[in-house]
Protein chains: 2
Amino acid sequence: MDAPDDWPRFAVTVDLVVLTVRHGRLHVLLVRRGEDPWRGAWALPGGFVHPDEDLHEAAARELAEETGVHQAAGHLEQLGTYGAPDRDPRMRVVSVAHLVLAPDLPEPTAGTDAAAAAWVPVEEVAGPDLAFDHARILADGVERARAKLEYSPLATAFCAERFTVAELRAVYEAVWGRPLDPRNFHRKVTSVPDLLVDTGERRTEGRGRPATVYRPGPATTIAPPLSRD
Amino acid sequence: MDAPDDWPRFAVTVDLVVLTVRHGRLHVLLVRRGEDPWRGAWALPGGFVHPDEDLHEAAARELAEETGVHQAAGHLEQLGTYGAPDRDPRMRVVSVAHLVLAPDLPEPTAGTDAAAAAWVPVEEVAGPDLAFDHARILADGVERARAKLEYSPLATAFCAERFTVAELRAVYEAVWGRPLDPRNFHRKVTSVPDLLVDTGERRTEGRGRPATVYRPGPATTIAPPLSRD
DNA sequence: GGTCTTTCTCGTCACGACGACGATAAGCCG
DNA sequence: CGGCTTATCGTCGTCGTGACGAGAAAGACC
């Protein structure tokens, strides 16, 4: 381990689990592979880490390149690293997966080097259809998102800059896949200090009484956590 | 990204944050570096991933090689990956850090390729003394351990196969760095279903009423969590 | 053997958070 | 102007928790 050139060479990639909520359902951004192996299969967007960039930078760059999403709004964090020796038949690849939570975006943009990109409802993703070990990575990403909504203000990353309590609740319901009581949810989120900041604005969504419009506050944790049971 | 040999070469290593509780204090296993850079500085144990092994395997192997610890008892999980371009001046290294929680071990064993190994109380580790970005990795590992004790039965990984409630409480107090009420702690942990299994045995620790001896049960989560406040 | 001390274990009580759900406010729509 | 819908506030019983009292069961000391 001393000789500076006596070490195995690995390819290092970043893979992205990009989640959003559309029409009340949790979606993941997938690209269709244009090359072997797994030609024609769905895969997570990703690519090689460049020699001079940090992992977080590489993830942000790939996100912009392949999906046109700029991470300004939303949230990007490292998810985990996957490095089974046979996960890619071509070479020894270690992939650092990242989790992105994004607000509902215009329309999936075909990437530069992917045949197609699309938002796919998470429940409709058939595990075996995904390339490499991406089914596992996706499952880990979804589970991380579900868990983090409990104790972090991360759900706001799925919302626009300004949002109502009902919109925030819709995020929780989509990610957790179960309905929440609007009254208890309202009481809970409005009682957490510094979680929501009242903008003074009111917004009426078609029917019903107008809702107060909030923007995210400086709170970093929700204590005690929301419970998904 | 198509040519199988058109990609940057990285070295991939595993680094280990090995924690244990000794004499009521949280300790981390450190090795003293015998080579430049950072010769003579403390560092986390670790080493290169071999071409044919998975990351988890590599971590377990390094643990055994450098510290003589077999992961049979204890707990090993991936912590996170650190890949800043300049974190090692010799080459581009991406390090997959792992967290190990081990019961109190005989005595630190000098590793095969490290000058010395030692248990160091976590509070006494001076950040700038650690090699590379290991201070950050250690901080992340300790924070992960603290957080996981809240909602997982992981504290038992710090204990021997059979332990008393007081021993378990000592683990929490050491990791969280604050005293807990023995009566409330006892009520809490004994009320979680399948967390502790009564072995029928009693053990008297010098003074005082003998304590019931438990072994870990099949529970995977503590709900609702313990609070470290 | 009797006390004292120590530790383990069980109870009690007040408070706060939560789930279930009723009631009111404030807009649209016909 | 009623009806409908959604937002927001209140109430009530239950449960988990922190603070702490009290009994149980051992060793220590006289």
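Note on naming: letters A, B, ... go to the chains in the order of the sequence lines (proteins, then strands), and numbering restarts at 1 for each one. Heavy atoms only: backbone and side chains are in, while hydrogens, waters and symmetry mates are out. Since we're looking at a predicted model, the values are computed, not measured.
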Q: Of the options D/dA26, D/dA7, C/dC8, whose atoms approach the side-chain atoms of A/Ala166 most closely?
A: D/dA7

Q: To the nearest Å, give me how far apart CG (A/Leu180) and P (D/dA7) are.
A: 14 Å

Q: Measuring from A/Leu195:CG to A/Thr220:OG1, what's the distance to the nearest 0.5 Å?
A: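 A/Leu195 CG to A/Thr220 OG1: 10.0 Å, rounded to 0.5 Å.
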
Q: Which one, C/dT9, C/dC18, D/dT8, comes nearest to the side chain of A/Lys188?
A: C/dC18

Q: Taking the nucleotide of DNA chain D with the closest heavy atom to each, which residue, A/Arg202 or B/Leu226, is nearer the 5' end?
A: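 Nearer the 5' end of the strand: A/Arg202.
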
Q: Does A/Arg183 make a side-chain donor-acceptor contact with the base of C/dG22, cut-off 3.5 Å?
A: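 Yes, the side chain and the base share a sub-3.5 Å donor-acceptor pair.
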
Q: Starting at atom CD1 of A/Ile222, determine the distance to atom P of C/dC18, rounded to an integer number of angstrom.
A: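 For the pair A/Ile222 CD1 and C/dC18 P, the rounded distance is 11 Å.
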
Q: For side-chain contact (heavy atoms from CB on, under 4.5 Å), just list the numbers for B/Val122 and B/His27, CA-CA rounded to whole Å, side-chain angles, deciding distance to a tenth of an Å, and then say yes or no.
A: CA-CA 5 Å; B/Val122 164; B/His27 287 61; 5.8 Å; no

Q: Figure out the CG/P separation between B/Asp229 and D/dG18, and round it to whole Å.
A: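 Distance check: B/Asp229 CG to D/dG18 P gives 7 Å.
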
Q: For A/Arg228 and C/dC18, what is the distance between atoms CZ and P respectively, to the nearest whole Å?
A: 16 Å

Q: A/Pro182 side chain: which of C/dC10, D/dT8, C/dA17 is closest?
A: D/dT8

Q: Considering only side-chain heavy atoms of B/Ala211, which listed nucleotide, D/dG16, C/dT9, D/dC9, is closest?
A: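 Nucleotide nearest to B/Ala211's side chain: C/dT9.
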
Q: Report the distance from atom CD of B/Glu205 to atom P of D/dA26, rounded to the nearest whole Å.
A: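 Taking CD of B/Glu205 and P of D/dA26, I get 15 Å after rounding.
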
Q: Side-chain N or O of B/Arg169 versus OP1/OP2 of C/dC8: is the shortest distance under 4.0 Å?
A: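 Affirmative; the distance criterion is met.
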
Q: Ignoring backbone atoms, establish whether A/His186 has a side-chain N or O less than 4.0 Å from OP1 or OP2 of D/dT8.
A: yes

Q: Heavy atoms only, 4.0 Å cut-off, all strands: where does A/Thr212 land among base, sugar-phosphate and nothing?
A: sugar-phosphate

Q: I want to confirm an ordering. Mapping B/Arg207 and B/Tyr214 to their closest nucleotides on DNA chain C, which one lands closer to the 5' end?
A: B/Arg207

Q: Side chain of A/Asn184: nearest nucleotide among C/dC28, D/dA19, C/dG19?
A: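 Side chain of A/Asn184 sits closest to C/dG19.
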
Q: Atom CG of B/Asp181 and atom P of D/dG21: how far apart are they, to the nearest Å?
A: 11 Å

Q: Decide yes or no on salt bridge (Lys or Arg N to Asp or Glu O under 4.0 Å) for B/Glu173 and B/Arg169, but give the supporting numbers first.
A: CA-CA 6 Å; B/Glu173 292 179 333; B/Arg169 178 166 47 84; 3.5 Å; yes

Q: So A/Arg209, base contact, sugar-phosphate only, or nothing? Heavy-atom distance under 4.0 Å.
A: base

Q: Give a yes or no on whether the backbone of A/Val14 and the side-chain of A/Ser95 come within a donor-acceptor separation of less than 3.5 Å.
A: no

Q: Checking side-chain polar atoms at under 3.5 Å, does B/Asp15 have a donor or acceptor matched by the opposite partner on B/Tyr82?
A: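 Distance-only check fails for B/Asp15 and B/Tyr82.
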
Q: Could you check which of D/dG23, D/dA19, C/dA20 has an atom nearest any side-chain atom of A/Arg187?
A: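 That would be C/dA20.
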
